[in-house]
Amino acid sequence: EKQKALGSQAEEKVKDYTNSRIAYLIDEYIHHKRDREIMKMHYIDGISADEISKIVDLTPRRVSQILSDRLLEIDRYL
């Protein structure tokens, strides 16, 4: 529950940044290529987790988990 609240706060912060700033943070702090691509598709291109799941051949739940976990990793830099 606490992680969910932190994720919601981070989601709100991300909306205040430019695409180039978000891309920089993702490139700098997310080390797994697949996860970087997923993050950029969602936060820069605006693609939903459901659509991303079809593109990267993962379940929507897994994509949502990746988005949540990786967003928490970069939250301290937002």
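Given the structure is predicted, the values throughout are model-derived calculations rather than measurements.
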With heavy-atom distances below 4.5 Å as the criterion, would you say the side chains of Ile26 and Arg36 are in contact?
yes

Rounded at 0.5 Å granularity, tell me how far CD1 in Ile55 sits from CD in Glu37.
10.5 Å

Taking Ser68 for its side chain and Ser64 for its backbone only, find out whether a donor-acceptor pair lies under 3.5 Å.
no

Do Leu25 and Glu28 have side chains that get closer than 4.5 Å, going by heavy atoms?
no

From CA spacing to verdict: side-chain contact (heavy atoms from CB on, under 4.5 Å), Leu67, Met39
CA-CA 6 Å; Leu67 290 169; Met39 294 284 289; 4.0 Å; yes

Using side-chain contact (heavy atoms from CB on, under 4.5 Å), reason through Ile38 and Arg34 one step at a time and then give a plain yes or no.
CA-CA 6 Å; Ile38 289 170; Arg34 180 202 64 198; 4.0 Å; yes

Thr59 side chain near Ser53 side chain, heavy-atom distance below 4.5 Å:
no

Under the side-chain contact (heavy atoms from CB on, under 4.5 Å) rule, what do Asp35 and Asp69 come out as? Steps first, then yes or no, please.
CA-CA 10 Å; Asp35 293 0; Asp69 290 349; over 6 Å; no

Should the pair Glu12-Lys15 be classified as a salt bridge under the 4.0 Å nitrogen-to-oxygen rule?
yes

When rounded to the nearest 0.5 angstrom, what distance separates CD in Glu73 from NE2 in His32?
11.5 Å

What is the minimum heavy-atom distance between Tyr43 and Ile22, and which atoms define it?
CB-CG2, 4.1 Å

Could you give the distance from OG (Ser48) to NZ (Lys54), rounded to the nearest 0.5 Å?
7.5 Å

Looking at Asp16, I want to see if its CG is surrounded by more than 12 non-hydrogen atoms of other residues, nucleotides or ligands under 6.0 Å.
yes

Which is it for Val14 and Glu11 under the side-chain contact (heavy atoms from CB on, under 4.5 Å) test, yes or no, and what are the steps along the way?
CA-CA 5 Å; Val14 143; Glu11 284 275 350; 5.5 Å; no

Measuring only between side-chain heavy atoms, which start at C-beta, is Met41 closer than 4.5 Å to Val56?
yes

Could Lys40 and Asp45 be called an ion pair, given the rule that one side-chain N must be under 4.0 Å from one carboxylate O?
no

Locate the shortest heavy-atom distance separating His42 from Ile47; write the atom from each residue and the value.
ND1-O, 2.9 Å

Can you name the ring-ring contact (aromatic ring centres under 6.0 Å, His included) partners of Tyr77, sequence neighbours left out?
Tyr29

